[in-house]
Amino acid sequence: IETTTGVISGTPTRVCAESTYRFTARSALGSTSVELTFTVIETVQSDEVADSIDKDFVAKVEAVTDIANMLPEPAQVKAFGDWMVWMVHRAYLNDPTLIELNFNNLHMPDPVVEERIAPKLVKALATNTHI
(Lines give C-alpha, C1' and ligand atoms only; values in the text may rest on other atoms or scores of the structure.)
Protein backbone atom coordinates (compact mmCIF):
# COMPACT_ATOMS: atom_id res chain seq x y z
CA ILE A 1 0.00 0.00 0.00
CA GLU A 2 1.29 3.41 -0.96
CA THR A 3 1.09 5.44 2.26
CA THR A 4 0.49 8.84 0.65
CA THR A 5 -2.18 7.93 -1.92
CA GLY A 6 -3.57 4.72 -0.44
CA VAL A 7 -3.17 2.90 -3.74
CA ILE A 8 -2.98 -0.85 -3.31
CA SER A 9 -0.97 -2.50 -6.05
CA GLY A 10 1.01 -5.59 -6.83
CA THR A 11 0.71 -8.95 -8.49
CA PRO A 12 -0.23 -12.04 -6.50
CA THR A 13 2.37 -14.79 -6.67
CA ARG A 14 0.26 -17.62 -5.26
CA VAL A 15 -3.30 -18.67 -4.55
CA CYS A 16 -4.52 -17.78 -1.06
CA ALA A 17 -7.71 -18.03 0.95
CA GLU A 18 -9.92 -15.06 1.70
CA SER A 19 -8.30 -12.63 4.13
CA THR A 20 -9.74 -9.42 5.55
CA TYR A 21 -7.55 -6.45 6.41
CA ARG A 22 -8.46 -3.28 8.28
CA PHE A 23 -6.99 -0.06 6.92
CA THR A 24 -7.02 3.16 8.90
CA ALA A 25 -6.16 6.61 7.58
CA ARG A 26 -5.34 9.36 10.08
CA SER A 27 -4.81 13.08 9.75
CA ALA A 28 -5.06 16.16 11.94
CA LEU A 29 -8.80 16.19 11.20
CA GLY A 30 -9.44 12.66 12.47
CA SER A 31 -9.39 9.13 11.17
CA THR A 32 -11.44 6.67 9.18
CA SER A 33 -11.20 2.92 8.74
CA VAL A 34 -12.31 0.39 6.17
CA GLU A 35 -12.09 -3.37 5.94
CA LEU A 36 -11.07 -4.89 2.61
CA THR A 37 -11.28 -8.56 1.80
CA PHE A 38 -8.92 -10.15 -0.71
CA THR A 39 -8.85 -13.59 -2.27
CA VAL A 40 -6.39 -14.87 -4.84
CA ILE A 41 -7.83 -17.61 -7.01
CA GLU A 42 -6.36 -19.69 -9.76
CA THR A 43 -7.72 -18.53 -13.08
CA VAL A 44 -8.14 -20.59 -16.18
CA GLN A 45 -8.85 -19.77 -19.78
CA SER A 46 -12.32 -20.24 -21.23
CA ASP A 47 -11.30 -23.30 -23.27
CA GLU A 48 -10.20 -25.00 -20.05
CA VAL A 49 -13.65 -24.33 -18.59
CA ALA A 50 -15.32 -26.03 -21.56
CA ASP A 51 -12.93 -28.98 -21.33
CA SER A 52 -13.64 -29.38 -17.60
CA ILE A 53 -17.38 -29.95 -17.99
CA ASP A 54 -18.59 -33.40 -16.94
CA LYS A 55 -20.88 -34.36 -19.83
CA ASP A 56 -22.84 -36.91 -17.74
CA PHE A 57 -23.49 -34.42 -14.94
CA VAL A 58 -24.56 -31.72 -17.38
CA ALA A 59 -26.94 -34.12 -19.17
CA LYS A 60 -28.63 -34.82 -15.83
CA VAL A 61 -28.88 -31.09 -15.05
CA GLU A 62 -30.32 -30.35 -18.49
CA ALA A 63 -32.96 -33.05 -18.01
CA VAL A 64 -34.38 -31.29 -14.93
CA THR A 65 -37.59 -29.44 -15.79
CA ASP A 66 -38.78 -28.64 -12.25
CA ILE A 67 -36.47 -26.74 -9.90
CA ALA A 68 -37.67 -28.95 -7.03
CA ASN A 69 -35.81 -31.83 -8.70
CA MET A 70 -32.53 -29.96 -9.25
CA LEU A 71 -29.35 -31.85 -8.50
CA PRO A 72 -27.20 -30.70 -5.57
CA GLU A 73 -24.74 -27.89 -6.21
CA PRO A 74 -21.50 -29.19 -7.74
CA ALA A 75 -18.13 -28.24 -6.31
CA GLN A 76 -16.75 -24.89 -7.36
CA VAL A 77 -13.37 -26.19 -8.40
CA LYS A 78 -10.73 -24.70 -10.65
CA ALA A 79 -12.60 -24.22 -13.95
CA PHE A 80 -16.15 -24.03 -12.56
CA GLY A 81 -17.69 -25.46 -15.77
CA ASP A 82 -20.18 -27.81 -14.09
CA TRP A 83 -21.10 -25.12 -11.57
CA MET A 84 -21.72 -22.52 -14.30
CA VAL A 85 -24.01 -24.90 -16.22
CA TRP A 86 -25.83 -25.71 -12.97
CA MET A 87 -26.29 -22.01 -12.09
CA VAL A 88 -27.47 -21.08 -15.58
CA HIS A 89 -29.98 -23.92 -15.58
CA ARG A 90 -31.36 -22.66 -12.26
CA ALA A 91 -31.79 -19.24 -13.86
CA TYR A 92 -33.41 -20.89 -16.87
CA LEU A 93 -35.89 -22.66 -14.57
CA ASN A 94 -36.63 -19.32 -12.84
CA ASP A 95 -35.51 -20.64 -9.45
CA PRO A 96 -37.07 -18.29 -6.87
CA THR A 97 -34.14 -18.85 -4.48
CA LEU A 98 -31.63 -17.65 -7.07
CA ILE A 99 -31.59 -13.89 -6.63
CA GLU A 100 -27.95 -13.24 -7.55
CA LEU A 101 -25.84 -14.74 -10.29
CA ASN A 102 -22.18 -13.83 -9.97
CA PHE A 103 -19.61 -15.07 -12.46
CA ASN A 104 -17.01 -12.44 -11.48
CA ASN A 105 -13.46 -13.52 -12.32
CA LEU A 106 -14.71 -16.63 -14.12
CA HIS A 107 -14.14 -17.22 -17.79
CA MET A 108 -17.24 -18.32 -19.65
CA PRO A 109 -16.44 -20.48 -22.65
CA ASP A 110 -17.11 -19.04 -26.09
CA PRO A 111 -20.77 -19.53 -27.05
CA VAL A 112 -19.84 -21.63 -30.08
CA VAL A 113 -17.84 -23.97 -27.86
CA GLU A 114 -20.32 -24.31 -24.94
CA GLU A 115 -23.89 -23.21 -25.65
CA ARG A 116 -25.21 -24.19 -22.23
CA ILE A 117 -23.61 -21.23 -20.50
CA ALA A 118 -23.59 -17.77 -22.17
CA PRO A 119 -26.31 -18.31 -24.83
CA LYS A 120 -28.61 -20.09 -22.40
CA LEU A 121 -27.99 -17.43 -19.75
CA VAL A 122 -29.11 -14.71 -22.16
CA LYS A 123 -32.33 -16.64 -22.88
CA ALA A 124 -32.89 -17.26 -19.16
CA LEU A 125 -32.47 -13.60 -18.23
CA ALA A 126 -35.14 -12.63 -20.76
CA THR A 127 -37.81 -14.38 -18.68
CA ASN A 128 -36.30 -14.79 -15.19
CA THR A 129 -38.23 -12.83 -12.56
CA HIS A 130 -35.90 -13.27 -9.58
CA ILE A 131 -32.39 -12.25 -10.61
Pair Ser52, Asp82: side-chain N/O donor-acceptor within cut-off below 3.5 Å: no
Counting C-beta onward and ignoring hydrogens, is there a side-chain heavy-atom pair between Ile117 and Met87 closer than 4.5 Å? no
Indicate, with yes or no, if Val34 and Phe38 share a hydrophobic cluster defined by side-chain heavy-atom contacts under 4.5 Å among Ile, Leu, Val, Met, Phe, Trp and Tyr. yes
What do you reckon, are the aromatic ring centroids of Trp83 and Phe103 less than 6.0 Å apart? yes
Could you pull out the closest heavy-atom pair between Glu114 and Pro109, with the gap in Å? CB-CB, 3.7 Å
Could you tell me which non-hydrogen atom of Thr65 sits nearest to which non-hydrogen atom of Leu93, and how far apart they are? O-CD2, 3.7 Å
Is Leu125 linked to Ile67 within one hydrophobic cluster, defined over Ile, Leu, Val, Met, Phe, Trp and Tyr using a side-chain heavy-atom separation of less than 4.5 Å? yes
Could you tell me whether the side chain of Asn94 reaches within less than 4.5 Å of the side chain of His130, counting heavy atoms only? yes
Can you tell me if Asp110 uses its side chain to pair, donor with acceptor, with the backbone of Val112 under 3.5 Å? no
Which atom names give the shortest non-hydrogen contact between Arg90 and Asp95, and what distance separates them? NE-OD2, 2.8 Å
Under a single-linkage definition using a 4.5 Å side-chain heavy-atom cutoff for Ile, Leu, Val, Met, Phe, Trp and Tyr, are Val122 and Val61 assigned to the same hydrophobic cluster? no
Please report the shortest heavy-atom distance between Val64 and His89, naming the atom on each side. O-NE2, 2.8 Å
Closest non-hydrogen contact found for Asn128 with Ala91 is ND2-O, 2.9 Å
So with a 6.0 Å cut-off around CD of Glu115, is the heavy-atom count from everything else above 12? no
Tightest non-hydrogen contact, residues Gly81 and Val49, listed as CA-CG1, 3.7 Å
Measuring from atom OH of Tyr21 to atom CD1 of Ile8, what distance do you get when rounded to the nearest 0.5 angstrom? 10.5 Å
When rounded to the nearest 0.5 Å, the distance separating CD of Gln76 from CH2 of Trp86 is 8.5 Å
dist Met84:CE -> His107:NE2 (nearest 0.5 Å) comes out at 8.5 Å
Should Leu71 and Phe57 count as side-chain neighbours, where that means a heavy-atom distance under 4.5 Å? yes
